[in-house]
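Just below is one structure, and these are the notes that go with it.
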Amino acid sequence: MNILYRNTRGLGNEVTASQAILKGLADGGGLYVPTAYPKLDRSLSELAEMDYRGVAYEVMKLFFTDYTEEELRGCIEKAYDGKFDSEEIAPMAEADHAYYLELFHGQTIAFKDMALSILPHLLTTAAKKNNQTDEIVILTATSGDTGKAALAGFRDVPGTKIIVFYPKNGVSRIQELQMVTEKGANTTVIGVNGNFDDCQTGVKKMFTDETLKKDMAAKGMVFSSANSINIGRLVPQVAYYVFAYTRLLKEERIKAGDPVNFVVPTGNFGNILACFYAKKLGLPVARMICASNENKVLYDFFTTGTYDIRRKFILTSSPSMDILISSNLERLIYHSAGDDAAKNAERMEALKKDGIYTVTDAMRKEMADFVPGFATEADTAAEIKELYERTGYVLDTHTAVASSVYRRYRKESGDETPTVIVSTASPFKFARSVMEAINGGKDEREDFAVIDDLSKTANVAEPPAIREIRTAPVRHDTVCEINGMEREVRRVLNVPGTEA
Ligand SMILES: *Cc1c(COP(=O)(O)O)cnc(C)c1O
């Protein structure tokens with residue numbers, strides 16, 4: 001089956017997978033979605049015999065149908081290799097009646113590595129396939145994790161440059177150190193005196209700035225996006241759901257066809273949407289439990305049918321989930337309306353104009369397998385402490401949100417279906433919040449003392465990603481104002497403004 005991609009807002013033509021990956025965002029702010037749901041063409045028991053790379057190929061080949069087997073396997077080989085500190089790539093731990101799928105064994109110790117280690121290869125292959133010879137410039141706004149994962153992914157990849165903007169005072173010290181010590185020769189990291197939304201808006205503006213694009217084209221450069229709206233990030237995430245299921249099968253914890261629940265700590269709705277596509281592939285997924293922190297827009301949406309961002313943005317200990325506009329939800333809205341672009345576009349316009357929209361009962365029925373939950377800051381800290389005290393297993397704050405939501409769901413519903421909790425970050429990345437949860441009270445020690453303590457407490461060696469930032473020199477110290485972002489991009493790329 002040949003899969004094409006169309007715009008959730010209905011504009012433009014259907015495109016191939018490689019074209020959708022190159023473009024990132026579709027016209028008019030829409031997202032690319034597959035025109036049909038492919039189905040697994042290997043049995044679950046066959047997949048259980050394969051390693052991560054094998055399963056990844058079997059999943060991605062169904063979506064990226066214009067890539068040859070050689071191209072796709074080549075991308076997978078380059079992505080899922082010794083950069084991961086676990087041979088299994090995505091190992092699973094069992095603690096207190098749940099399986100924790102650890103997606104944080106890549107270079108930057110958060111799950112963004114699962115997709116961002118392959119995206120650069122998918123993208124440069126796509127450029128070749130489509131005879132696009134311009135240098136690819138990745139512009140990214142980050143609330144902390146995407147930035148470093150994208151830098152690591154694109155570091156020294158020929159034919160690419162990457163510029164990352166982060167909120168100067170809006171990321172953890174460890175996240176900032178990871179980014180400003182980045183060594184790749186094609187990388188630039190810039191702090192912005194503003195919040196994540198300011199960075200995101202500034203980047204989006206540049207993507208649609210025709211003058212800037214023309215000036216870049218004259219110099220042989222073109223923008224592309226590494227954001228989670230790119231299907232080149234979404235599809236690689238489908239693979240680990242299939243992988244997790246088939247590991248449970250291989251270890252005889254379930255039988256082929258048994259239903260399994262997944263709990264996903266959610267922000268932009270990319271990770272859990274990949275689970276939805278995995279279910280559509282035919283994977284026996286029962287419930288998709290959508291876990292939010294105190295920014296519980298999605299919880300309210302799934303319980304009422306109304307998405308309403310007119311509320312205060314709350315800074316929590318799980319910053320990568322501090323998000324009010326979950327971009328990837330648009331794809332679910334589109335699918336739940338029966339792949340109706342007009343019905344989707346209407347709601348996205350309302351969101352932009354009024355900050356609110358409502359879906360119909362029929363659409364809600366299509367989303368019935370999503371179970372919402374949320375955890376407060378106190379719930380999250382208690383979950384870290386209690387699970388540690390019961391089992392010795394230490395969670396990061398994002399995974400703890402999911403774990404807390406699951407604990408309550410299981411108790412209230414009595415649902416004892418085998419359940420996988422998607423673990424999105426290493427506790428080392430959020431060491432201070434984790435140790436404050438375990439010890440109670442504020443931790444005044446410096447960052448690396450806290451990390452040493454965590455290493456002892458969890459009885460886990462500090463990952464290489466932490467070790468390397470202890471002594472690495474700062475290579476990026478530029479800070480700009482919100483309205484100075486374009487000037488920085490022009491300076492870095494040596495594309496002077498016409499007005500200057
Ligand atoms: C990005 C991120 C999330 C949220 O994932 P989405 O795909 O945006 O829903 C959760 N946890 C961590 C650690 C992350 O980096």
Side-chain angles (χ1 to χ4, degrees), residues 103-104 108-113 116 140-151 164-180 189-201 203 226-228 264-272 290-299 309 311-328 374-381 383-384 394-405 422-437 442-443 447 450-451 454 465-466 469:
L103 300 180
F104 53 76
T108 74
I109 58 177
F111 95 101
K112 304 284 195 297
D113 289 326
L116 280 164
T140 296
T142 182
S143 59
D145 289 336
T146 297
K148 182 61 186 186
L151 289 163
V164 170
F165 291 96
Y166 73 96
K168 176 64 191 155
N169 296 309
V171 300
S172 83
R173 182 64 192 146
I174 298 293
Q175 287 176 318
E176 182 172 35
L177 272 177
Q178 281 190 297
M179 289 190 279
V180 298
V189 179
I190 298 171
V192 177
N193 283 321
N195 65 24
F196 169 64
D197 279 332
D198 298 324
C199 297
Q200 176 93 325
T201 306
V203 163
N227 275 341
S228 72
V264 188
T266 298
N268 220 5
F269 210 73
N271 199 354
I272 197 166
C290 176
S292 299
N293 66 21
E294 290 183 5
N295 294 292
K296 58 182 186 58
V297 195
L298 287 165
Y299 173 83
I309 62 164
R311 63 180 75 201
K312 230 178 97 200
F313 182 93
I314 301 166
L315 288 173
T316 73
S317 59
S318 45
S320 303
M321 295 158 65
D322 289 345
I323 222 162
L324 293 181
I325 303 179
S326 301
S327 315
N328 274 296
F374 74 96
T376 63
E377 287 293 275
D379 294 336
T380 306
E383 180 66 17
I384 292 173
V394 178
L395 303 173
D396 99 286
T397 45
H398 303 73
T399 310
V401 167
S403 193
S404 165
V405 164
V422 177
S423 305
T424 50
S426 156
F428 284 94
K429 200 153 190 176
F430 301 94
R432 183 171 302 278
S433 300
V434 170
M435 290 315 295
E436 286 177 353
K442 241 185 133 33
D443 197 326
D447 287 299
V450 178
I451 282 172
L454 171 60
I466 296 290
I469 57 171

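Predicted, not measured: the structure shown is a model, and the values here were computed from it.
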If you round to the nearest 0.5 Å, how far is [atom2] of [Y] from [atom1] of [X]?
X	Y	atom1	atom2	value
Ile109	Phe104	CD1	CZ	9.0 Å
Leu324	Lys312	CG	NZ	11.5 Å
Ser292	Phe374	OG	CZ	9.0 Å
Thr266	Met321	OG1	CE	6.0 Å
Gln175	Leu177	CD	CG	10.5 Å
Ser317	Asp322	OG	CG	8.5 Å

Is any side-chain heavy atom of [X] closer than 4.5 Å to a side-chain heavy atom of [Y]?
X	Y	result
Phe430	Pro319	yes
Lys112	Leu103	no
Ile174	Ile451	yes
Ile323	Ser143	no
Leu454	Pro427	yes
Leu298	Phe269	yes

Search all heavy atoms of [X] against all heavy atoms of [Y] and return the closest pair with its distance.
X	Y	result
Pro167	Gly194	CB-O, 3.2 Å
Ser404	Asp379	OG-CB, 3.6 Å
Lys429	Ala110	NZ-CB, 3.9 Å
Tyr166	Cys199	C-SG, 3.7 Å
Val434	Thr397	CG2-N, 4.3 Å
Leu116	Ala149	CD1-CB, 3.5 Å

Side chains of [X] and [Y] only: does a donor on one sit below 3.5 Å from an acceptor on the other?
X	Y	result
Thr316	Asn293	yes
Thr108	Gln178	no
Ser403	Glu383	yes
Asn328	Asn268	no
Thr201	Asp198	no

Does the [X] side chain pair with the main chain of [Y], one donor and one acceptor, at a distance under 3.5 Å?
X	Y	result
Gln200	Ala141	no
Asn295	Ile314	yes
Thr399	Ser423	no

Between the side chains of Asp447 and Arg432, is the shortest nitrogen-to-carboxylate-oxygen separation below 4.0 Å, so that they form an ion pair? yes
Side chain to side chain contact (heavy atoms under 4.5 Å, CB included) involving Thr140 - partner list, sequence neighbours excluded: Ile138, Thr146, Val164, Ala226, Asn227
Validation row, ring centre His398 to ring centre Phe111 under 6.0 Å: no
Over 12 non-hydrogen atoms of neighbours within 6.0 angstrom of CZ in Phe196: yes
